[in-house]
Trainee: 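Here's a structure for you.
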There are 2 protein chains.
Amino acid sequence: MRIGELAGSTGVDVETVRYYEKSGLLPPPAREANGYRTYGKTHLERLAFIRHCRALDMPLADVTRLLNFVDRPASDCGDINVLVDQQIGRVKARLKSMRALEKQLTALRRQCSEPHSTKECGILHELVSAAHGEACACHAEH
Amino acid sequence: MRIGELAGSTGVDVETVRYYEKSGLLPPPAREANGYRTYGKTHLERLAFIRHCRALDMPLADVTRLLNFVDRPASDCGDINVLVDQQIGRVKARLKSMRALEKQLTALRRQCSEPHSTKECGILHELVSAAHGEACACHAEH
DNA sequence: AGAAACCCTGTAGCCGCTACAGAGTCAAGC
DNA sequence: GCTTGACTCTGTAGCGGCTACAGGGTTTCT
């Protein structure tokens with residue numbers, strides 16, 4: 001299997017595959033006589049594994065660590081739980097701030113419903129008064 | 001006001017202030033005889049404005065556009081609404097995917113409650129079976 | 001035979017900072 | 001007056017995770 005086929009069957013960009021190799025996530029494959037990379041089933045699985053982890057938004061550094069566990073099946077998996085828990089924590093934290101953000105933006109949006117001159121635009125007014133340290137709808141205390 | 005004071009009173013890193021100047025968000029300030037930047041109240045307000053927009057997670061390109069509106073108070077503000085709406089859309093979309101992510105991760109986490117050998121780790125099994133194209137707890141159809 | 005599609009390496013760009021290196025400047029304490 | 005430390009300057013490089021070239025070679029289809 002050449003790189004294009006591998007990439008196509010996992011939904012990954014060809015450049016990304018090469019990037020993963022350069023980053024040490026995918027082992028360097030064998031080469032044809034012309035220098036083309038040739039991949040086998042193990043590469044395919046490994047790449048799918050990586051993509052699955054990335055779909056869970058894990059950083060590549062964590063994926064690397066997970067792959068090390070895969071390569072050493074006898075070792076203890078306690079650290080895997082820790083890793084997943086950390087990821088859950090990151091996601092939860094981001095969710096929280098995104099929810100706050102949504103509130104702030106919709107509050108801000110309410111300040112201006114119809115187009116008029118920017119001098120009278122409620123949105124700009126809000127953003128500018130924040131610049132004076134005043135309270136504003138979108139960053140209200142609570 | 002020198003750069004340190006400006007940065008301190010807006011909670012921005014000194015390097016970030018210089019970065020904003022280089023990026024055209026903050027106009028180049030006057031200089032003292034020794035070359036130090038000196039800022040006035042307008043800079044302070046503009047910087048606070050920028051930070052407020054950034055707190056709403058707007059890209060700097062959008063902030064630039066908003067600042068252009070601020071500088072031309074006679075123009076129509078219709079595009080401001082569009083800009084804020086786009087931002088709300090981005091945030092909503094991210095929220096949706098983050099919520100899905102959280103579900104997936106917690107489902108995955110359930111696969112392994114106590115440490116054992118990685119060969120038997122439910123989490124790794126899930127991630128690996130995904131690599132075979134099989135169904136998995138965290139990316140279940142619904 | 002020629003065109004299109006693939007492959008190669010290497011480098012630069014994206015975002016929004018952050019972190020240096022290497023230099024100059026200034027105020028306070030001894 | 002001299003050192004120490006805090007501040008400032010410019011310029012460059014790094015972060016993550018790709019993405020997009022440039023400039024070449026190879027294969028495959030017509």
Trainee: Taking salt bridge (Lys or Arg N to Asp or Glu O under 4.0 Å) as the cut-off, I'd like each qualifying pair that reaches into residues 6-16 of chain B, sequence neighbours left out, listed once.
Mentor: B/E15-B/R18
Trainee: Between C/dA21 atom P and B/E15 atom CD, what is the distance in whole Å?
Mentor: 12 Å
Trainee: Does a nitrogen or oxygen in the side chain of B/R51 sit under 4.0 Å from OP1 or OP2 of C/dG16?
Mentor: no
Trainee: How would you list, by chain and number, every residue that makes a side-chain contact (heavy atoms from CB on, under 4.5 Å) with A/K92, sequence neighbours excluded?
Mentor: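 Testing A/K92 for side-chain contact (heavy atoms from CB on, under 4.5 Å), a comparison that skips the adjacent residues, returns A/I88, B/E102.
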Trainee: Chain B on DNA chain D: first and last contacting nucleotide, 5' to 3', under 4.0 Å to a heavy atom?
Mentor: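 The footprint of chain B covers D/dC7 to D/dT12.
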Trainee: With no hydrogens and no angle check, just 3.5 Å: does a side-chain donor-acceptor pair link B/Y39 and B/R46?
Mentor: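 Distance-only check fails for B/Y39 and B/R46.
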Trainee: Rounded to whole angstroms, how far apart are CD on A/E21 and P on C/dC7?
Mentor: 14 Å
Trainee: Taking for each residue the nucleotide of DNA chain C bearing the nearest heavy atom, is the 5' side occupied by A/E5 or by B/L60?
Mentor: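 By nearest-heavy-atom nucleotide position, the 5'-most residue is A/E5.
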Trainee: Applying side-chain contact (heavy atoms from CB on, under 4.5 Å), name anything that partners A/K119, two or more places apart in sequence or on another chain.
Mentor: A/S117, B/P73
Trainee: Roughly how many Å is it from OH in A/Y19 to P in C/dG10, rounded to a whole number?
Mentor: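 After rounding, the gap between these two atoms is 17 Å.
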Trainee: Just to verify, what does A/D76 make a salt bridge (charged side-chain N to carboxylate O under 4.0 Å, His left out) with, not counting sequence neighbours?
Mentor: none
Trainee: At what distance, to the nearest 0.5 angstrom, does CG of B/L105 lie from CD1 of B/I123?
Mentor: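 The CG atom of B/L105 sits 9.5 Å away from the CD1 atom of B/I123.
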Trainee: Starting at atom CZ of B/R54, determine the distance to atom C1' of C/dT18, rounded to an integer number of angstrom.
Mentor: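 Computing the B/R54:CZ to C/dT18:C1' distance gives 14 Å.
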Trainee: Applying side chain to side chain contact (heavy atoms under 4.5 Å, CB included) to A/L56 and A/V84, what does each step give before you reach the verdict?
Mentor: CA-CA 10 Å; A/L56 297 171; A/V84 173; over 6 Å; no
Trainee: Establish, with yes or no, whether the OP1 or OP2 oxygen of C/dT18 is under 4.0 angstrom from a side-chain nitrogen or oxygen of B/T16.
Mentor: yes
Trainee: Side chains of A/M58 and A/L66: closer than 4.5 Å at any heavy-atom pair?
Mentor: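 A side-chain contact exists here, since the closest heavy-atom pair is under 4.5 Å.
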Trainee: Near DNA chain D, counting only heavy atoms under 4.0 Å, which residues of residues 24-40 of chain A show up?
Mentor: A/N34, A/Y36
Trainee: For residues B/Q111 and A/I80, determine if any side-chain heavy atom of one lies less than 4.5 Å from a side-chain heavy atom of the other.
Mentor: no
Trainee: For B/R18 and C/dT18, give me the distance from atom CZ to atom C1', rounded to whole Å.
Mentor: 12 Å
Trainee: Mapping A/P59 and B/R2 to their closest nucleotides on DNA chain D, which lands nearer the 5' end?
Mentor: B/R2
